[in-house]
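The chains referred to below are lettered A, B, ... by the order of the sequence lines, with proteins before strands, and numbering in each begins at 1.
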Number of protein chains: 2
Amino acid sequence: MANRSTRDDIVGVADDLFYRKGFEHTSFADIAELVKISRGNFYHHFKTKDDILDAVIQKRLVDRNAMLERWESEGKTPVERICSFIDILILNGEKIKLYGCPIGTLTSELAKLNHAARENAGRLFMLFRIWLRRQFVALGREADADALAMHLLSQSQGAATLFNAFQDENFVQREVDQMKDWLKAIVAKAPNRIGDKGPLHEPVDG
Amino acid sequence: MANRSTRDDIVGVADDLFYRKGFEHTSFADIAELVKISRGNFYHHFKTKDDILDAVIQKRLVDRNAMLERWESEGKTPVERICSFIDILILNGEKIKLYGCPIGTLTSELAKLNHAARENAGRLFMLFRIWLRRQFVALGREADADALAMHLLSQSQGAATLFNAFQDENFVQREVDQMKDWLKAIVAKAPNRIGDKGPLHEPVDG
DNA sequence: GTCTATACGCGGATAGAC
DNA sequence: GTCTATCCGCGTATAGAC
């Protein structure tokens, strides 16, 4: 394809607007205004609005996957990597405060619309779930790695939702701290693994 | 007002549809069909769609408040009462699986629409926050009752979001069990109070 | 209080010129 | 590849008869 930049512009702007205003509430006129193209020109790049949604989800999958790979390579230990995940709540705090979690809110909206792209959006959550699972396996928690991944994902989603609802920075910070404490307790419990430097405490079942 | 039943029917149906389809995606035609009135007749009862939203939020506030008062009177101890809250995830499981949490998803949608009723919807969350806070105070946790309330609310929101996303009953059950374990640990830590029968363990800081 | 008919704008989508 | 012009249906809202 000769000129992909307009197409990419559309997807980029749509990604942002779908996040800030929601998929349904975002019109072609909204996107066109920011991309600075006419509405008619859209249809040269996408047949329908749903096609744009598909492209946005695809872009998010690629973007998030790249982020996870970055965390994977930058983090020296599974704990460090998982902390990168936990820290999104702080790093993207301003946006989450205003618009919630991009993945959680999109999934929720598509569920209510009973939209065909729902399954596709579900893969976004799955991406994080599998990545986190792998980190917990690396921490020696093969048996319940998936449950731990889901639990952490759940915590993060809850914190994002309430941050958006109450706009309380102190709350998010407390939740982040608690997640990290929880993670440390996991490490203390689990058998030692490669790249995991923490001292061993006796296991404490709670 | 002579005949309130039509108005109440509208609000009841709108409440349900706003939950299942979202506020924006619900049209007057959708509501009219279920209430079995003509679209024109709407405007005898409500001037605008936003007015219906206000009435729905008001109804939810009343309904939820009644539910909390019921838990208050039925629960013999704060722990029992808080468990009633935790158990909504199971009791309303089928609906949450399909549509998420009615309060969380409405709040999130209104945030994206930047809707005037946003603040009003925020009172719904606040209702639960304050009620939970009171329970934790009754458990002797005056100092951090609000933080505990927010934490539990957060857990519940996260579980609802992921239940909706992954449709996994086992996950919700695990989260519910964990919340109750966490609650038990709180009780074990806190000084004994009226109506709290649990034996005292030594405090264990996490 | 309920209805039918209708206005009006917006959003998605198409046709066709340049 | 981008534009203008236009269609069409839907959704909110209004007018006015019964």
Mind checking salt bridge (charged side-chain N to carboxylate O under 4.0 Å, His left out) for B:E72 and listing every partner two or more places apart, or none if nothing turns up?
B:R81, B:R134
Tell me which pairs pass ring pair (Phe, Tyr, Trp, His ring centres under 6.0 Å) where either residue lies in residues 98-122 of chain B, with sequence neighbours left out.
B:Y19-B:Y99, B:F23-B:H115
What is the distance, to the nearest angstrom, from the NE2 atom on A:H45 to the P atom on C:dG12?
17 Å
Got a donor-acceptor contact below 3.5 angstrom from the A:Q167 side chain to the A:K97 backbone?
yes
By side chain to side chain contact (heavy atoms under 4.5 Å, CB included) - contacts of A:M67 (at least two apart)
A:R64, A:R70, A:W71, A:F128
Side-chain N,O (B:T6) to OP1/OP2 (C:dT2) below 4.0 Å:
yes
Pairs under 3.5 angstrom only: tabulate donor-acceptor contacts from the side chains of residues 116-125 of chain B to other protein residues two or more places apart or in another chain.
residue	atom	partner	partner atom	Å
B:R118	NH2	A:N164	O	3.1
B:N120	OD1	B:R123	NH1	3.1

Listed partners of A:A149 passing side chain to side chain contact (heavy atoms under 4.5 Å, CB included), at least two apart:
A:L132, A:R133, A:F136
Please list residues of residues 18-44 of chain B whose heavy atoms come under 4.0 Å from any atom in DNA chain C, ordered by number; otherwise none.
B:I37, B:S38, B:G40, B:N41, B:H44
Any residue of residues 48-59 of chain B with a heavy atom less than 4.0 Å from an atom of DNA chain D
B:T48, B:K49
Which residues share a side-chain hydrogen bond (donor to acceptor under 3.5 Å, both in side chains) with B:R174, sequence neighbours left out
none
Atom pairs and distances, side-chain donor-acceptor, residues 83-93 of chain A, under 3.5 Å, sequence neighbours left out:
residue	atom	partner	partner atom	Å
A:S84	OG	A:E80	O	3.3
A:D87	OD1	A:K180	NZ	2.9
A:D87	OD2	A:K180	NZ	3.3

Return the set of residues passing side chain to side chain contact (heavy atoms under 4.5 Å, CB included) with B:S38 (not counting sequence neighbours), or none when no residue passes.
B:N41
Please report the end-to-end axis angle for the helix from C:dG1-D:dC18 to C:dC18-D:dG1, five pairs per end, rounded to 10 degrees.
0°
Set of residues satisfying side chain to side chain contact (heavy atoms under 4.5 Å, CB included) with respect to A:K21, sequence neighbours excluded
A:L17, A:H25, A:T26, A:D30
